[in-house]
Protein chains: 2
Amino acid sequence: MYYLNNDGSGTLVELSHYLGVEKPTVTRTIAKLEEMGYLEPVPTKDKREKRMQLTDTGRKVYQEVRVTIDEFEQDILKGISEEEQLEGIRLMSLIRKNLMQGEL
Amino acid sequence: MYYLNNDGSGTLVELSHYLGVEKPTVTRTIAKLEEMGYLEPVPTKDKREKRMQLTDTGRKVYQEVRVTIDEFEQDILKGISEEEQLEGIRLMSLIRKNLMQGEL
DNA sequence: AGTAATAGTTATCTACAGTAACTAATTATG
DNA sequence: CATAATTAGTTACTGTAGATAACTATTACT
């Protein structure tokens with residue numbers, strides 16, 4: 001939902017790349033979110049692909065959940081300065097990059 | 001195995017606290033490791049508890065695996081200085097502490 | 001002695017993800 | 001242009017990791 005909220009819409013393959021999971025995982029997750037009424041398909045030329053976007057309800061729910069997540073993050077980052085947070089993110093990104101290198 | 005290697009022996013409850021998981025999870029894991037011949041029970045007074053320790057094979061296997069893990073860690077920490085690593089650990093510990101606070 | 005609490009087990013359930021094999025649609029090739 | 005190769009998504013099956021609830025056996029408390 002985060003990805004679709006920022007990016008407007010996306011195909012299952014785009015999502016699987018973004019999330020770093022396999023296609024069947026995305027299929028299942030999308031199916032659930034569609035059932036719940038948070039996602040809807042966008043018609044495209046290519047009849048193979050299934051491009052999805054947030055519904056109005058989906059966008060509303062996302063915003064609500066976003067607040068909860070932000071509060072949670074504030075909570076667990078209590079006592080950690082902005083610079084420290086950025087440094088932490090930098091280190092994690094480096095480790096992720098090193099991990100990527102390894103798993104070709 | 002890390003815990004038992006450093007601590008000599010431990011009961012299932014000790015392990016579940018150390019690992020932060022429930023007792024059934026430990027029961028199953030221990031059972032598997034015992035089957036594989038890496039763990040053995042240590043007799044105790046209290047007939048309820050099941051105190052476990054590494055077997056000779058277990059210790060040997062642990063050392064071998066340890067090498068692999070260390071190599072892996074070196075690999076994913078490439079380009080990150082000792083001080084940066086310590087800072088990262090400090091930040092993660094802080095976050096963990098904040099998480100603990102919340103989930104009472 | 002009789003009740004509480006503790007250690008471990010069993011059975012059942014859920015979340016989350018992967019692989020293999022497939023269909024349908026589109027691109028590329030000869 | 002027809003066929004081969006690729007791409008997007010789905011289905012079926014499997015595995016891992018963990019949780020909760022209900023239970024037994026043992027020990028501690030009053």
Side-chain angles (χ1 to χ4, degrees), chain A residues 1-4 7-55 58 61-62 65 68-69 72 76 92 95-96 99-104, chain B residues 1-4 7-55 58 61-62 65 68-69 72 76 92 95-96 99-104:
Chain A
M1 289 174 81
Y2 172 80
Y3 180 82
L4 294 179
D7 234 64
S9 76
T11 65
L12 299 222
V13 166
E14 281 165 23
L15 282 164
S16 86
H17 286 159
Y18 173 69
L19 297 169
V21 297
E22 294 301 320
K23 295 181 292 171
T25 306
V26 180
T27 300
R28 280 189 295 266
T29 309
I30 289 305
K32 273 184 223 153
L33 291 172
E34 196 176 357
E35 260 178 47
M36 296 192 236
Y38 300 161
L39 257 49
E40 65 191 357
V42 185
T44 63
K45 303 141 206 172
D46 192 331
K47 277 174 217 148
R48 284 171 308 177
E49 71 180 19
K50 195 172 178 183
R51 180 166 287 277
M52 305 297 289
Q53 65 183 10
L54 292 177
T55 59
V61 168
Y62 174 74
V65 172
T68 309
I69 293 175
F72 176 69
I76 66 173
M92 290 297 118
I95 292 173
R96 187 216 245 146
L99 276 165
M100 298 299 198
Q101 300 272 311
E103 69 184 20
L104 307 181
Chain B
M1 289 176 82
Y2 172 80
Y3 180 84
L4 294 179
D7 234 64
S9 77
T11 66
L12 299 221
V13 167
E14 282 165 23
L15 282 164
S16 86
H17 286 159
Y18 173 69
L19 297 168
V21 298
E22 294 301 319
K23 294 182 293 171
T25 305
V26 180
T27 299
R28 276 190 296 268
T29 309
I30 288 306
K32 271 183 225 156
L33 291 172
E34 197 176 355
E35 260 177 47
M36 295 193 235
Y38 300 162
L39 256 50
E40 64 191 356
V42 185
T44 63
K45 304 141 205 174
D46 192 332
K47 276 173 217 149
R48 284 172 307 179
E49 72 179 20
K50 194 171 177 182
R51 180 166 288 275
M52 304 297 288
Q53 66 184 8
L54 291 177
T55 59
V61 168
Y62 174 73
V65 173
T68 310
I69 295 175
F72 176 69
I76 66 172
M92 290 297 119
I95 291 173
R96 186 216 246 145
L99 276 165
M100 297 301 198
Q101 301 272 310
E103 70 184 20
L104 306 180

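In what follows, chains are A, B, ... by sequence order, proteins preceding strands, each numbered from 1.
Here D/dG18 is the nucleotide among C/dG18, D/dG18, D/dT10 with the atom lying nearest to any side-chain atom of B/Val21. Taking every side-chain heavy atom of B/Leu12 into account, C/dG8 is the closest of D/dA25, C/dG8, D/dA19. Taking only side-chain atoms of B/Pro24, from C-beta outward, the nucleotide of D/dT20, C/dG8, D/dG9 with the closest atom is D/dT20. Among the nucleotides C/dG18, D/dG9, C/dG8, the one closest to any side-chain atom of A/Val13 is D/dG9.
Between A/Lys45 atom NZ and D/dT7 atom P there is a gap of 19 Å when expressed in whole angstrom units. The CD-C1' distance, from B/Glu34 to C/dT9, rounds to 13 Å in whole Å. Atom pair A/Leu15:CG and D/dT10:P shows a separation of 11 Å (rounding to whole Å applied). Taking atom CG of B/Leu33 as the reference point, atom P of D/dA17 lies 11 Å away to the nearest angstrom. Distance CD (B/Glu22) to C1' (D/dG18): 9 Å, rounded to an integer number of Å. For the pair A/Glu49 CD and D/dT6 C1', the computed distance is 15 Å after rounding to whole Å. Rounded to whole Å, the distance from CD on A/Glu35 to P on D/dT10 is 13 Å. The CG-C1' distance, from A/Leu19 to C/dC16, rounds to 13 Å in whole Å.
For the atom pair CG (B/Asp7) and OH (B/Tyr2), the distance works out to 10.0 Å, reported to the nearest 0.5 Å.
Base pairing annotation: C/dA4 forms no Watson-Crick or G-U wobble pair, as no partner gives both donor-acceptor distances under 3.5 Å. Pairing of C/dA25, defined by two Watson-Crick or G-U wobble distances under 3.5 Å, is identified with D/dT6.
At the phosphate of C/dC16, neither OP1 nor OP2 sits under 4.0 Å from any side-chain N or O atom of A/Thr29. Residue A/Thr27 places none of its side-chain N or O atoms closer than 4.0 Å to OP1 or OP2 of D/dG9. Taking side-chain N and O atoms only, A/Lys50 has a distance below 4.0 Å to OP1 or OP2 of D/dT10.
Nucleic acid contact class of A/Lys23 (heavy atoms, under 4.0 Å, all strands): base.
Side-chain atoms of B/Thr11 and B/Arg51 form no donor-acceptor pair, as typed in the model, at a separation below 3.5 Å.
For D/dA17, the base has no donor-acceptor partner in the side chain of B/Arg28 [N/O atoms by modelled type, under 3.5 angstrom].
The glycosidic torsion of C/dA4 lies within 90° of 0, placing the base in the syn range.
Between A/Glu34 and A/Lys50 there is a salt bridge, since at least one side-chain N of the basic residue sits less than 4.0 Å from a carboxylate O of the acidic one. Ion pairing between a basic and an acidic side chain is recognised when a charged N comes within 4.0 Å of a carboxylate O; A/Arg28 and A/Glu22 show no such pairing.
Nearest-nucleotide mapping onto DNA chain C: of A/Lys32 and A/Asp46, the residue sitting toward the 5' end is A/Lys32. Nearest-nucleotide assignment on DNA chain C puts the 5′-proximal partner with B/Arg51, out of A/Gly20 and B/Arg51.
For OH of B/Tyr3, the number of neighbouring non-hydrogen atoms (other residues, nucleotides, ligands) closer than 6.0 Å is greater than 12.
Considering every non-hydrogen atom in both B/Leu12 and B/Met52, the closest pair reads CD2-CG, 4.2 Å.
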